[in-house]
Amino acid sequence: MHELSIASSVVDRVLEFLDSHEVKKVITVRLAIGELSNVEAEQLRFCYTAITQETALENSTLEIENVPAVVECPSCSYRGRPKYWADALSAAPIPTFECPDCKGTVEPVEGNDCAIKAIQFIT
Amino acid sequence: MGAIGSGKTTLIGRLVERLKDRFGVAVFNGDATTSTDADLIARQNVPVVQIATVNGCHLDANLVGKALRKIDLEKLKLIFIENIGNLICPAEFPLGSKARIVVVSVTEGQYMVRKHPHMFLGADLVIVNKVDLAAAMEVSVEDLAADVHKLKPGHQGHPHELQERYWFR
């Protein structure tokens with residue numbers, strides 16, 4: 001949800017970066033989106049295309065790198081992928097905070113964020 | 001946090017009733033348009049700030065920051081923040097609160113937890129509300145609780161003394 005505001009923040013940050021560099025045209029912006037961040041890639045692309053019109057980012061490619069969730073268990077020190085709830089009747093398996101090893105409660109350590117990883121441009 | 005009509009205001013009202021004589025309590029009521037919830041709580045003579053989001057579907061830390069400037073924090077120990085009735089967006093916007101409580105009522109149906117896993121994964125406490133209507137709604141409180149435990153096994157069921165709610169923490 002709120003992909004439009006995420007897309008505008010991304011575009012604002014890139015434009016800020018362009019201000020301090022001699023850039024003619026942006027070719028690619030690469031984002032890393034965490035599995036637990038709930039950012040919807042398809043909607044983000046749509047918003048990005050719409051708001052980059054008539055800016056230095058027009059026609060640039062938005063590349064999205066998916067960052068898988070990593071969780072840690074404070075009781076048994078498990079670190080790795082979360083346990084998924086496969087039979088929840090949902091479109092995709094739901095990540096849970098149940099420890100796959102000891103059934104305790106894990107904490108998410110990776111996959112929460114949405115970050116700009118790289119900007120490719122022509123000077 | 002919780003869906004529209006899940007019982008957020010009522011829960012906060014009851015908690016304020018029990019806690020206000022023990023220490024300083026204040027309430028921030030997020031509501032898209034009306035001040036009905038804030039007015040209800042204000043009758044208990046505790047500081048209340050109504051946060052109108054108009055078209056906004058959630059509170060954010062900035063709105064809470066502005067509300068904090070409207071009250072005298074000196075004598076307060078606890079502030080309840082009631083988010084907008086919505087099980088999706090509020091999960092995405094941390095408010096700086098110490099703990100997050102999600103209220104889910106049986107009148108929302110059997111599958112609220114699995115339909116909104118992100119909201120429940122972020123909860124420190126889940127309250128299943130209106131359990132006296134479970135039979136009429138053909139909703140199993142145990143199955144609803146089992147869904148919470150599937151997502152976060154740390155939550156444990158405690159039948160509440162009033163018998164009208166079921167608490168998990």
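We name chains A, B, ... by the order of the sequence lines, and we start the count at 1 in each one. Just so it is clear, the structure is predicted and the values come from calculations on it, not from any experiment. Values below: all heavy atoms of this structure, side chains included; hydrogens, waters and symmetry mates excluded.
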Quiz prompt | Heavy-atom donor-acceptor pair, Ser37(A) side chain to Ile33(A) backbone, under 3.5 Å | solution = no

Self-check item: Residues His118(B) and Glu92(B): side-chain donor-acceptor under 3.5 angstrom
Solution: yes

Quiz item: Regarding Thr9(B) and Glu82(B), is there a side-chain donor-to-acceptor distance under 3.5 Å anywhere?
Solution: yes

Quiz item: Does anything in residues 31-49 of chain B get under 4.5 Å of chain A by heavy atoms, and if so which residues?
Solution: none

Exercise. May I ask you to decide if the ring planes of His58(B) and His2(A) are parallel, tilted or perpendicular, using 30° and 60° as cut-offs?
Key: perpendicular

For [X], I'd like to know if atom [atom1] has over 12 heavy atoms of other residues, nucleotides or ligands within 6.0 Å.
X         : atom1 : value
Ile116(A) : CD1   : yes
Gln53(A)  : CD    : yes
Lys20(B)  : NZ    : yes
Lys66(B)  : NZ    : no

Exercise. Could you please spell out the steps behind the side-chain contact (heavy atoms from CB on, under 4.5 Å) verdict for Cys89(B) and Asn86(B)?
Key: CA-CA 7 Å; Cys89(B) 315; Asn86(B) 178 344; 3.4 Å; yes

Quiz item: Among Asn129(B), Val139(B), Leu144(B), Leu87(B), which residue meets the side-chain contact (heavy atoms from CB on, under 4.5 Å) test with Glu108(B)?
Solution: Leu87(B)

Quiz item: For Asp87(A), is it the side chain, the backbone, both or neither that has a heavy atom under 4.5 Å from a heavy atom of chain B?
Solution: both

Exercise. Could you tell me which residues in residues 57-84 of chain A have at least one non-hydrogen atom under 4.5 Å from a non-hydrogen atom of chain B, sorted by residue number?
Key: none

